[in-house]
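Following: one structure in structure tokens, then a few remarks.
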Amino acid sequence: MKEKSLTKPENMDVSVPDRTNSDGQALSEMLRRGELFNQNCPSREILKHLTSRWGVLVLIALLDRDHRFSDLRRKVGGVSEKMLAQTLQTLEADGFVNRFSHPVVPPHVDYSLTPIGREVALKVRDFADWIEVNITRILSSRSVSGAASE
């Protein structure tokens, strides 16, 4: 019995045409990676929100558990009420944080991570952990660099 060949006929092109932008970059690559280096790319705003000092700390704090505003303010030392409120509003608008207002007096509001918020918070925590693990190296590089410039 003769085996059938599983290769495609040579005259049959089953590949998808490669579409490129004016710079020759594949559109699929642009869609996969975004255009972070383009100053008008909306992903830059999200990057700014996720990597701001308060954004990072709020996301990491919410990884542990849901928090009320006052709990978050205590946990994230040094943040003003105004900055915490702005950070929470921004993260909520981006879809990373849920805000649940209980119908009670006085007002009781809980903040938690959305599924995508949890996903990004884990990545941000890894980044923050890397900084903590390498803080000695970073600070020693700073002091060497500072001494060299004097």
> Distance from S101 atom OG to R99 atom CZ, nearest 0.5 Å?
Replying inline: 5.0 Å
> Going hydrophobic residue to hydrophobic residue with side-chain gaps under 4.5 angstrom, can you get from V79 over to L63?
Replying inline: yes
>> Whether the side chain of H67 engages the backbone of A61 through a donor-acceptor N/O pair (distance < 3.5 Å, no angle test) should be reported.
In response: yes
>> Quick check: is L122 connected to V97 through a chain of hydrophobic side chains (ILVMFWY, heavy atoms under 4.5 Å apart)?
In response: yes
>> Tell me whether I116 at atom CD1 has more than 12 heavy atoms from other residues, nucleotides or ligands lying less than 6.0 Å away.
In response: no
>> Testing the basics here: between S52 and G55, what is the closest heavy-atom pair and its distance to 0.1 Å?
In response: OG-N, 2.9 Å
> Hey, is the main chain of G95 close enough, under 3.5 Å, to the side chain of T114 for a donor-acceptor pair?
Replying inline: yes
> At what distance, to the nearest 0.5 angstrom, does CG of L57 lie from CH2 of W54?
Replying inline: 6.5 Å
> For the atom pair CD1 (I135) and CD1 (I131), what is the distance rounded to the nearest 0.5 Å?
Replying inline: 7.5 Å
> Which value, rounded to the nearest 0.5 Å, describes the distance between Y111 atom OH and N98 atom CG?
Replying inline: 11.5 Å
>> Would you compute the distance between atom CZ of F100 and atom NE2 of H108 and round it to the nearest 0.5 angstrom?
In response: 8.5 Å
> Does any donor atom in the side chain of D110 or H102 lie under 3.5 Å from an acceptor atom in the other side chain?
Replying inline: yes
>> With side chain to side chain contact (heavy atoms under 4.5 Å, CB included) as the criterion, how do V120 and L113 come out once you've worked through the C-alpha distance, each side chain's angles and the decisive distance to 0.1 Å?
In response: CA-CA 10 Å; V120 76; L113 293 172; over 6 Å; no
> Which is it for F127 and V56 under the side chain to side chain contact (heavy atoms under 4.5 Å, CB included) test, yes or no, and what are the steps along the way?
Replying inline: CA-CA 9 Å; F127 178 55; V56 167; 5.6 Å; no
> F96 versus H49: any side-chain heavy-atom pair under 4.5 Å?
Replying inline: no
>> Using the rule given for side chain to side chain contact (heavy atoms under 4.5 Å, CB included), can you reason through T87 versus T90, listing the C-alpha separation, both sets of side-chain angles and the distance that settles it, and then say yes or no?
In response: CA-CA 5 Å; T87 300; T90 300; 5.8 Å; no
> When D71 is tested against each of R74, K75, R73 for side chain to side chain donor-acceptor pair (under 3.5 Å), which residue passes?
Replying inline: R74
> To the nearest 0.5 Å, how far apart are CD in Q89 and CG in L84?
Replying inline: 10.0 Å
> What pair of heavy atoms forms the shortest contact from L50 to L59, and how long is it?
Replying inline: CD2-CD1, 3.7 Å
>> On a heavy-atom basis, which atom in D94 and which in I46 lie closest, and how many Å separate them?
In response: OD1-CD1, 3.5 Å
